[in-house]
Engineer: 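Here it is, the structure in full.
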Amino acid sequence: MRRPPEQADIAIALHGITKRFPGVVANSDVDLTIRRGTVHAIVGENGAGKSTLMKILYGMLKPDEGTITVDGRTATFGSPAAAIAAGIGMVHQHFMLADNLSVLENVVLGGEPRQRGGLDFRAARARIEQISATYGLQVEPDRLVEELGVGERQRVEICKVLYRGARILILDEPTAVLVPQEVDELFGNLRDLKAEGLTILFISHKLDEVLAVADEITVIRRGSTVASVTPHEVTAPQLAELMVGSALPVPELRESTVTDRPVLEVSDLAVTDPDGRHVLSAISFTIHAGEVLGIAGVEGNGQAELVDALMGVRPISSGTVALSGHDITRSSTRSRREAGMAYIPEDRHRQGLLLEASIWENRVLGHQTVAPSARGLLLNRRAARADTQRIVREYDVRTPGIDVVASALSGGNQQKLIVGREMTGRSVALIAAHPTRGVDVGAQAAIWEHMRAARRAGLAVLLVSADLEELIGMSDSLAVILRGRLVARFDPKTVKPEQLGSAMTGAGASAGAGGAV
Amino acid sequence: MSRFSRRSVLLGLAAPVAALLFAALVSAIILGTTGHAPLDAFQAMLASAKRPRTVVNSIDSATTYYFSAVAVAIGFRMNLFNIGVDGQYRLAAMLSAAFAGATFMDGVPAVLRVAATIVMAMCVGAMWAGVAALLKVARGVSEVISTIMLNAVATAVVSFLLNPHRLAVSVAGSNNIGTRPIGSGGQVPGFGYPGTSSRVFGLILLAALVGVLYSLVLTRTRFGFELKATGMSEPAAVAAGVSVKRMVASAMLLSGAVAGLVGMPQLLGSSYSYSLDFPTGLGFTGIAIALLGRNSPIGMAFAALLWGVLDQSANVLDITGVPKEIVAIMQGVIVLSVVVAYELVRRYRLRLEQRDVGRALGTTEAPPSTPTPVAAMV
Amino acid sequence: MSATGTAVCAGTVLRARRQRISPLGYTGIGLAVLAAVSAVRVATGASDLTSSGTVGAALAAAVPIALAGLGGLWSERAGVVNIGLEGQMVLGTLGAGWAGYQYGPWAGVLMGLLLGALGGLVHAVATVTFGVDHIISGVAVNLVAPGLGLFLAKLVFRNAPGGGQKQSPPVRDVRHLTAPYLTSWLGSLERRQWFLVSDLAAVLRGLTFQISTLTIVAVLLLVATFVVLWWTPFGLRLRSCGEAPYAAESLGVNVRRYKYAAVIVSGAMAGLGGAFLAVSSGQFRDGQTGGRGFIGLASMIFGNWRPGGLAMGAGLFGYTDAMQLRGSDAVHALLLLLGIALLVLTVIQARAGRVVLAAVAGVLGAAFVLWFAATDEVPPELVGATPYVVTLLVLALASQRLRMPKADGQIYRKGDGG
């Protein structure tokens with residue numbers, strides 16, 4: 001059957017896609033055309049509706065309106081299985097892997113080779129090794145996934161997609177957890193795949209990466225497609241303008257507020273896991289009043305453990321931590337908080353909020369032992385509610401009231417609530433783990449401003465982030481963590497992302513501007 | 001936000017009412033298909049329930065059930081499943097019965113004697129629950145498994161101790177054995193009720209007190225807040241400075257202490273001895289009532305009363321030729337359907353609230369954190 | 001029941017690969033255990049410890065426990081905790097009694113299996129479709145099943161010949177098989193009372209003499225479970241629902257369908273266990289299961305969510321069950337065995353550097369040995385508690401070896417992942 005040439009060129013066409021959630025229109029009237037054999041980027045800020053759109057394309061959600069055409073045929077995907085059958089594969093932002101199964105089992109799941117009713121392990125192994133060799137993925141079929149690092153996991157995810165014979169790959173924010181060098185490798189892989197005739201949908205909000213790898217770019221804003229451009233036509237600032245209607249907020253600190261008064265002093269800190277292995281060792285640093293120390297590192301190198309150890313969530317096996325000159329090494333989380341440690345946790349849904357509790361109860365969380373939330377052993381509901389009103393007002397938390405459950409708020413507003421709750425008059429130090437992860441640019445700008453205000457007010461701030469731009473812009477000094485040790489220090493004013501990347505992966509750390517600590 | 005509250009009251013009532021109707025329907029179908037007339041059976045139960053004697057017995061059962069439900073609910077509030085209320089109350093009732101009936105207690109003043117019996121029961125209940133608490137805190141053993149095991153161990157211990165060579169004596173005029181009966185100085189008098197010689201357990205006052213304390217602790221204290229926070233999200237509670245281990249230990253001990261009270265109305269108000277025919281399985285009744293009453297102090301009171309009425313009015317069924325176990329089936333269906341109904345209402349309420357927030361703020365806000373598609377239900 | 005898994009730090013923290021014990025290793029361990037038991041037998045003169053009669057009784061007692069355990073395994077491997085096993089077992093006894101007295105034992109077995117599966121279906125509807133907490137649903141199943149059992153018993157058994165309000169008319173047993181020639185030779189060997197050799201002969205004789213065909217079915221099911229769950233695509237998908245349901249979903253696996261299948265099979269296994277009880281004891285009786293559903297659950301945990309371990313757990317619990325019916329000498333000797341086991345565990349834990357655990361195990365072990373030395377018999381009431389106490393000890397002292405499916409007990413909502 002012959003089709004008009006331009007149509008044969010089109011891998012996917014979305015037309016008039018609309019998806020509503022209670023209280024929210026996630027996508028409205030989206031039109032999107034993706035040509036075969038290209039890398040097509042979809043950009044938009046957090047919450048703009050990119051992920052919803054991709055879930056629709058991958059059959060995980062059903063659109064309320066609109067049509068999807070794949071290879072010229074109208075398709076309705078009731079499940080990922082249907083999308084897979086149509087040659088679509090997706091690499092999720094949060095890896096979809098079963099830790100306790102082997103790489104082989106993870107890859108073949110849902111599309112197992114069979115032999116006399118059983119799973120044909122031999123054929124599966126051969127196929128994976130062949131894919132791995134063809135695309136340079138270096139995947140070992142018989143390892144348990146829980147033994148793998150972040151980069152390896154991502155390659156397993158790509159292998160999964162290729163194993164299913166996908167011709168169209170969706171990659172959802174694939175660079176979020178990678179260092180610059182790994183990003184380059186990934187882009188190399190993507191170009192190889194493209195050369196083989198595969199089509200790639202690349203979801204991102206990092207504009208320089210998009211401009212570097214994409215052939216075509218579609219911009220999504222507030223759930224709708226607002227522009228389709230090519231990288232030659234636009235610059236990063238123009239793309240930002242299309243994406244959010246203004247220039248992107250820039251993470252930056254103005255004049256230095258660093259004092260010589262040490263607030264948070266960590267010396268020779270070590271933490272072991274229950275099996276007796278060191279997850280942190282020989283960590284030493286001092287943060288002064290008005291200083292922001294940024295911690296850079298590939299995810300899983302001990303950042304989470306460092307934050308936990310500082311907050312008293314994880315026991316410290318040796319070394320000391322002092323806050324304002326008082327030793328708090330053995331203190332409980334509660335007494336640390338009472339002594340003025342403020343905490344923005346990494347995962348606000350898991351650690352930061354009680355999603356099913358009201359906003360005012362979330363205001364009390366973490367401060368349930370001190371005024372205004374408590375009076376002795378009793379809760380002071382009236383004062384807590386009044387203070388919640390103040391936070392909603394001062395921190396611009398968009399909500400119809402303080403009795404609404406936290407899960408009804410958008411990510412950005414949830415995060416602003418957390419920031420407002422933690423910035424009490426008593427705070428002397430702030431531990432901020434990925435404070436702007438997954439929030440819209442408005443909230444991002446606001447949170448950065450609050451952090452600057454905290455720094456001006458003399459707080460000592462520890463900033464852990466995977467966003468190198470944020471780290472470089474918002475820190476007074478930078479340290480790199482690798483396999484549980486601080487391996488390098490940098491001056492954020494002079495450091496380049498690539499240098500950080502090298503130190504984060506251990507490639508030539510000593511050659512970095514700062515050198516080993 | 002008054003709209004929210006009226007709506008929540010209606011929604012809150014919708015689930016139990018729907019579950020009761022559904023259970024009645026299922027029972028009617030079962031009765032119908034097994035050749036009984038459902039309406040006749042229900043009418044017989046209703047007529048029986050109105051009799052003064054049944055009323056008193058229902059209230060007495062409800063008193064007992066209420067303690068059990070509160071014990072379970074304390075754990076539920078922090079996602080802790082004390083399946084072991086059953087073993088805890090039996091062991092507690094047995095040991096405190098033996099204690100209260102012991103000869104050295106005969107001369108002790110009544111108030112002191114009753115108080116000591118109750119304290120003893122609470123301590124034993126807490127201790128038995130404490131084993132599960134210790135295992136969970138020190139070794140991370142799931143309390144579901146450990147309390148199931150401890151129930152069985154309690155059964156063995158009780159039957160070991162309830163032996164004429166040890167703590168038991170034979171009950172006069174039967175081949176039953178039980179602990180030495182508690183003399184009148186150690187009993188709790190009941191309240192009269194017109195039209196029957198049955199008396200309402202005096203310890204109903206203690207049940208009310210426990211309910212009030214439970215309510216105050218949960219809503220007005222730091223401890224209550226931390227308990228609920230731990231139940232809603234353990235990682236969030238940990239990050240907020242709550243010591244989860246301490247909460248597990250205190251919730252489990254409190255739950256066990258209240259579980260110790262379950263046998264007290266019966267022991268001090270009517271049987272005065274722990275014998276082989278002391279009621280069993282009340283811990284599981286407590287689970288059912290806590291679920292039906294949504295852990296709310298008032299809700300559980302109503303649920304306990306309903307359970308008592310069902311149990312007591314069922315006795316008339318055997319006379320009419322309908323196996324009274326139809327009530328047990330009905331109760332089971334209520335439990336299953338009420339949790340389903342609450343879950344559906346919860347999702348519906350969340351959607352309503354998200355819609356309200358969306359409407360109040362203009363609708364193109366970022367998608368809420370956890371959209372729960374209705375399509376998720378088959 | 002909250003999930004408290006901490007974030008995996010993949011970069012630095014590598015879990016040690018689990019050591020797998022080879023079949024030869026298992027044989028060695030088995031022989032060592034038997035040698036220890038044999039030594040205790042010789043020392044105490046409690047010949048019932050390893051008599052073929054005891055082994056046969058233990059096997060018969062282990063079968064319903066193992067079947068319930070298999071039920072738990074199927075369900076939990078798919079991520080659904082099923083403490084409704086006890087109730088599903090009750091339904092199995094009822095079905096076996098009802099169909100068994102009318103149409104013969106195999107019809108009873110089939111009916112028991114079907115009613116158990118029906119109980120599983122109820123649990124699946126509540127947990128998978130409506131997202132009800134697994135424990136709550138299981139408790140509800142356990143509340144409904146005995147009520148339903150008694151209700152129907154009163155209806156159908158009361159007027160049947162030989163039946164009553166709480167029991168069915170007699171049900172014929174299935175055929176029992178004996179290995180020809182072998183058993184008499186083993187029997188003569190057993191009577192010699194030689195150290196280890198006689199014990200080994202007794203164990204083999206117990207496993208080959210007068211074995212119920214249902215026991216053979218149960219053993220086949222155990223093997224089949226392993227093959228299906230670990231060697232087939234179906235099994236991989238089912239297990240993936242218990243490890244990472246959203247990952248499975250993203251690969252087009254219909255998670256709901258697999259969970260349903262698993263929970264229904266789970267109920268069927270428990271129902272079969274109930275049917276075994278009814279058929280082998282000759283009738284349905286109210287309260288016949290006596291908590292075996294829970295012991296089955298315990299045997300699965302004891303066996304670390306694996307069929308082989310489960311079989312060992314069921315065997316152990318069946319053994320203690322059988323002991324209750326043997327002489328008090330044997331039961332008394334069990335104390336010594338338990339003490340020795342705990343002391344062995346003390347050494348293991350001490351060598352792994354877990355001082356506190358080793359100390360606790362040591363104290364408990366010494367206490368059991370002392371109890372043995374200071375008394376002449378164990379109160380029979382306490383013997384029934386053995387499986388539960390052993391399970392608590394295993395959980396308390398060796399739980400670092402246990403690994404349940406990662407998403408076990410978590411409520412799955414389609415489309416919530418990622």
Side-chain angles (χ1 to χ4, degrees), chain A residues 51 55 58-61 79-85 90 92-101 105-106 108-114 117-119 121 144 146-150 152-153 160 164 172 273-279 297-302 304-305 308 314 346-347 482-484, chain C residues 2-18 77 79 224 226-258 305 352-354 399-400 403-408 414-418:
Chain A
S51 291
K55 282 186 176 176
Y58 191 57
M60 295 169 80
L61 292 172
S79 74
I84 291 168
M90 180 151 171
H92 299 264
Q93 184 182 358
H94 304 289
F95 298 144
M96 293 283 194
L97 297 169
D99 287 350
N100 199 20
L101 300 183
E105 289 175 317
N106 268 287
V108 302
L109 177 61
E112 305 86 351
R114 286 159 202 261
L119 204 166
F121 284 94
L144 271 190
E146 69 176 2
E147 299 169 359
L148 304 182
V150 178
E152 290 169 296
R153 282 169 190 242
K160 266 164 70 174
R164 282 163 180 73
D172 191 2
D273 71 1
D275 295 331
R277 274 177 289 267
H278 282 273
V279 288
V298 177
E299 289 220 13
N301 274 282
E305 289 78 6
D308 283 354
R314 199 179 268 264
E346 172 175 353
D347 183 339
L482 176 67
R483 288 193 277 275
Chain C
S2 52
T4 53
T6 42
V8 183
C9 10
T12 51
V13 185
L14 300 185
R15 275 176 183 275
R17 279 174 188 246
R18 280 166 300 159
R77 275 291 170 186
F226 176 73
V227 170
V228 168
L229 288 187
W230 272 271
W231 286 356
T232 68
F234 174 84
L236 173 61
R237 292 175 189 194
L238 193 147
R239 284 185 297 125
S240 75
C241 297
E243 297 285 347
Y246 296 109
E249 169 190 284
S250 78
L251 294 176
V253 173
N254 189 332
V255 175
R256 284 225 177 94
R257 189 183 298 164
Y258 283 90
W305 285 266
R354 284 181 279 263
S399 59
Q400 74 274 3
R403 171 151 199 181
M404 67 174 191
K406 201 165 185 186
D408 199 9
K414 191 178 171 194
D416 259 13

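Residue numbers start from 1 in every chain, and the chains themselves are labelled A, B, ... in the order their sequence lines are given, proteins ahead of strands.
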Engineer: What part of A:Asp172 is in contact with chain C, defined as an atom under 4.5 angstrom from a non-hydrogen atom: side chain, backbone, both or neither?
Structural biologist: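 Answer is neither: A:Asp172 stays 4.5 Å or more from chain C.
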Engineer: Looking at chain A, which one of C:Pro405, C:Ser240, C:Ala248 has the largest number of heavy-atom pairs inside 4.5 Å, strictly under?
Structural biologist: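 Between C:Pro405, C:Ser240, C:Ala248, the count favours C:Ser240.
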Engineer: Please look at A:Tyr58 and chain C and tell me whether the side chain, the backbone, both or neither of the residue comes under 4.5 angstrom of a heavy atom of that chain.
Structural biologist: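 When you check distances to chain C, only side chain atoms of A:Tyr58 fall under 4.5 Å.
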Engineer: Given that the side chain runs from C-beta out, which part of C:Ala352 has a heavy atom under 4.5 Å from chain A: side chain, backbone, both or neither?
Structural biologist: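 Looking at C:Ala352, nothing touches chain A.
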Engineer: Pick from C:Val228, C:Leu236, C:Asn254, C:Thr232: which one has the most heavy-atom pairs with chain A under 4.5 Å?
Structural biologist: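 Sorted descending by pairs with chain A, the first entry is C:Leu236.
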Engineer: Pick whichever of A:Gln93, A:Met90, A:Arg114 has the most heavy-atom pairs under 4.5 Å with chain C.
Structural biologist: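 Most heavy-atom pairs under 4.5 Å with chain C: A:Arg114.
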Engineer: Determine yes or no for a side-chain-to-main-chain donor-acceptor pair under 3.5 angstrom, with C:Glu243 supplying the side chain and C:Cys241 the backbone.
Structural biologist: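 Checking the backbone N and O of C:Cys241 against the side chain of C:Glu243, no donor-acceptor pair under 3.5 Å is found.
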Engineer: What option among C:Ser250, C:Ala244, C:Gly353, C:Ala407 has the most heavy-atom pairs under 4.5 Å with chain A?
Structural biologist: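 Ranked by heavy-atom pairs under 4.5 Å with chain A, first place is C:Ser250.
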Engineer: Side chain from CB out, backbone as N, CA, C, O: work out which of these in A:Leu97 comes under 4.5 Å of a heavy atom of chain C, or both, or neither.
Structural biologist: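 For A:Leu97, the contact with chain C is made by the backbone alone.
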Engineer: Between C:Arg77 and C:Gly242 (side chain of the first, backbone of the second, donor and acceptor by atom type, cut-off under 3.5 Å), is there such a pair?
Structural biologist: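 No, C:Arg77 side chain to C:Gly242 backbone: no donor-acceptor pair under 3.5 Å.
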Engineer: Taking the basic N atoms (NZ, or NE/NH1/NH2) and the acidic carboxylate oxygens, is any pair closer than 4.0 Å for C:Asp408 and C:Arg403?
Structural biologist: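 Looking at C:Arg403 together with C:Asp408, the answer is no, because their closest N to O distance does not fall below 4.0 Å.
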Engineer: Go through A:Gly59, A:Pro80, A:Ser79, A:Ala81 and name the one with the most non-hydrogen pairs under 4.5 angstrom from chain C.
Structural biologist: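 The option with the most such pairs is A:Pro80.
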Engineer: A:Glu152 versus A:Glu147: any side-chain heavy-atom pair under 4.5 Å?
Structural biologist: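 Side-chain contact under 4.5 Å: no.
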Engineer: Are the side chain of C:Arg237 and the backbone N or O of A:Leu109 linked by a donor-acceptor pair below 3.5 Å?
Structural biologist: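 No: the side chain of C:Arg237 does not pair with the backbone of A:Leu109.
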Engineer: Report yes or no: does A:Lys160 contribute a side-chain atom to a donor-acceptor pair with the main-chain N or O of C:Leu251 at less than 3.5 Å?
Structural biologist: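 No, the answer is negative, given that no donor and acceptor are paired below the 3.5 Å cut-off.
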Engineer: Are any side-chain N or O atoms of A:Asn301 and backbone N or O atoms of A:Gly484, one a donor and one an acceptor, separated by less than 3.5 Å?
Structural biologist: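 A pair under 3.5 Å: no.
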